[in-house]
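Predicted, not measured: the structure shown is a model, and the values here were computed from it.
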Amino acid sequence: MPQRIVHLLVGLALYGAGCAIMVRAGIGLDPWTVFAQGVSLQTGIGIGWVTNIVGFLVLLLWIPLRQKPGVGTLANILLVGTSMQATLAVFPAIDGFALQVLVFLLGMMLVAVASGLYIGADFGPGPRDGLMTGLRARFGWPIWAARLVVEASVLLAGWLLGGSVGLGTILFALGIGPLVHRTLPLFDLRRRRDARRTVSAA
């Protein structure tokens with residue numbers, strides 16, 4: 001249990017830091033961060049705090065979908081945006097296209113490692129991921145369709161609000177899935193525990 005908690009907390013903190021680094025790269029963002037940035041620009045509220053608020057509002061959508069949050073869900077709402085805001089306070093904006101791309105890829109790699117850590121801790125999905133699984137369970141939508149509809153909607157809304165859409169948005173869409181596919185097995189504590197039990201029983 002203590003190791004799982006450490007993985008959860010470190011993973012969520014690194015996730016927020018990775019998102020902040022991608023913001024500073026300035027070449028586009030993932031759909032949810034585009035939306036948070038757009039809301040931030042329109043309201044003057046820090047993008048990290050908006051991320052926390054949006055996470056809470058998305059959690060409210062779980063109620064009609066009959067989803068139940070876990071400890072990881074609540075920790076996600078509290079920590080990701082807070083870490084993001086703290087990182088933005090110390091990480092400067094990046095100039096020069098090549099360096100911007102490099103920094104964005106660094107941030108995306110950090111998000112992938114962070115995802116492996118907090119998902120592997122197995123304390124429940126984040127509010128946005130739970131929305132996708134809830135739509136599948138409630139309406140029978142395939143996960144890919146639920147993700148496409150939701151993320152396309154928040155991306156469009158964020159862009160209309162002034163959020164940054166660009167090369168980074170494409171890189172994230174193409175790269176984050178394969179990266180998490182590789183990082184998750186490295187930190188999947190439940191799989192390790194099951195493997196040890198199998199060895200012990202043999």
Side-chain angles (χ1 to χ4, degrees), residues 6-41 46-52 54-55 72 75-76 79-121 125-129 132 143-144 147-148 150-188:
V6 169
H7 277 213
L8 174 68
L9 297 180
V10 171
L12 293 175
L14 289 179
Y15 195 102
C19 288
I21 290 170
M22 291 189 295
V23 170
R24 290 304 193 207
I27 60 169
L29 299 163
D30 67 277
W32 284 103
T33 310
V34 170
F35 180 69
Q37 186 182 51
V39 173
S40 175
L41 290 171
I47 186 172
W49 307 132
V50 171
T51 297
N52 286 349
V54 169
N76 186 299
L79 294 181
V80 170
T82 303
S83 171
M84 189 176 178
Q85 196 67 34
T87 304
L88 287 169
V90 298
F91 202 96
I94 305 300
D95 292 320
F97 181 70
L99 184 57
Q100 287 174 290
V101 173
L102 182 62
V103 169
F104 182 90
L105 292 175
L106 172 64
M108 188 167 70
M109 283 293 300
L110 194 56
V111 166
V113 171
S115 297
L117 281 166
Y118 89 79
I119 294 172
R128 297 157 189 82
D129 291 328
M132 314 301 175
I143 286 291
W144 68 265
R147 184 173 294 277
L148 178 63
V150 172
E151 293 193 350
S153 299
V154 297
L155 179 64
L156 177 60
W159 177 68
L160 291 173
L161 291 170
S164 176
V165 177
L167 174 61
T169 309
I170 298 171
L171 291 175
F172 192 91
L174 296 176
I176 195 62
L179 286 172
V180 173
H181 180 72
R182 292 190 173 273
T183 60
L184 183 55
L186 299 176
F187 304 108
D188 191 339

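Taken from CG in Leu110 to CG in Leu105, the straight-line distance is 12.5 Å, to the nearest 0.5 Å. Put simply, CD1 on Ile27 and OG1 on Thr169 are 8.5 Å apart, with the number rounded to the nearest 0.5 Å.
Two residues are said to be in side-chain contact when any heavy atoms from C-beta on lie closer than 4.5 Å; Phe187 and Val113 meet this criterion. With contacts defined as side-chain heavy-atom distances shorter than 4.5 Å, the pair Leu167/Gln100 does not qualify. Within the 4.5 Å cutoff, no side-chain heavy atoms of Arg24 are placed close to those of Val103. The closest side-chain heavy-atom distance from Gln37 to Leu29 is below 4.5 Å. Side-chain contact check for Val23 versus Cys19: every heavy-atom pair is 4.5 Å or farther apart. In this structure the side chain of Val150 never reaches within 4.5 angstrom of the side chain of Arg128, judged on heavy atoms. Residues Leu161 and Val34 fail the side-chain proximity criterion, which asks for heavy atoms closer than 4.5 Å. Taking the side chain as every heavy atom from C-beta outward, Asp129 and Arg147 approach each other to under 4.5 Å.
Side-chain atoms of Asp30 do not come within 3.5 Å of backbone N or O of Phe172 as any donor-acceptor pair. No donor-acceptor pair under 3.5 Å is formed between the side chain of Ser83 and the backbone N or O of Val80.
Here the rule is side-chain contact (heavy atoms from CB on, under 4.5 Å) with Leu12, and of Leu117, Leu79, Thr82 only Leu79 fits it.
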In sequence, state the C-alpha distance, the side-chain angles, and the governing distance for Asn52 and Gln85, and then conclude on side-chain contact (heavy atoms from CB on, under 4.5 Å). CA-CA 10 Å; Asn52 286 349; Gln85 196 67 34; over 6 Å; no
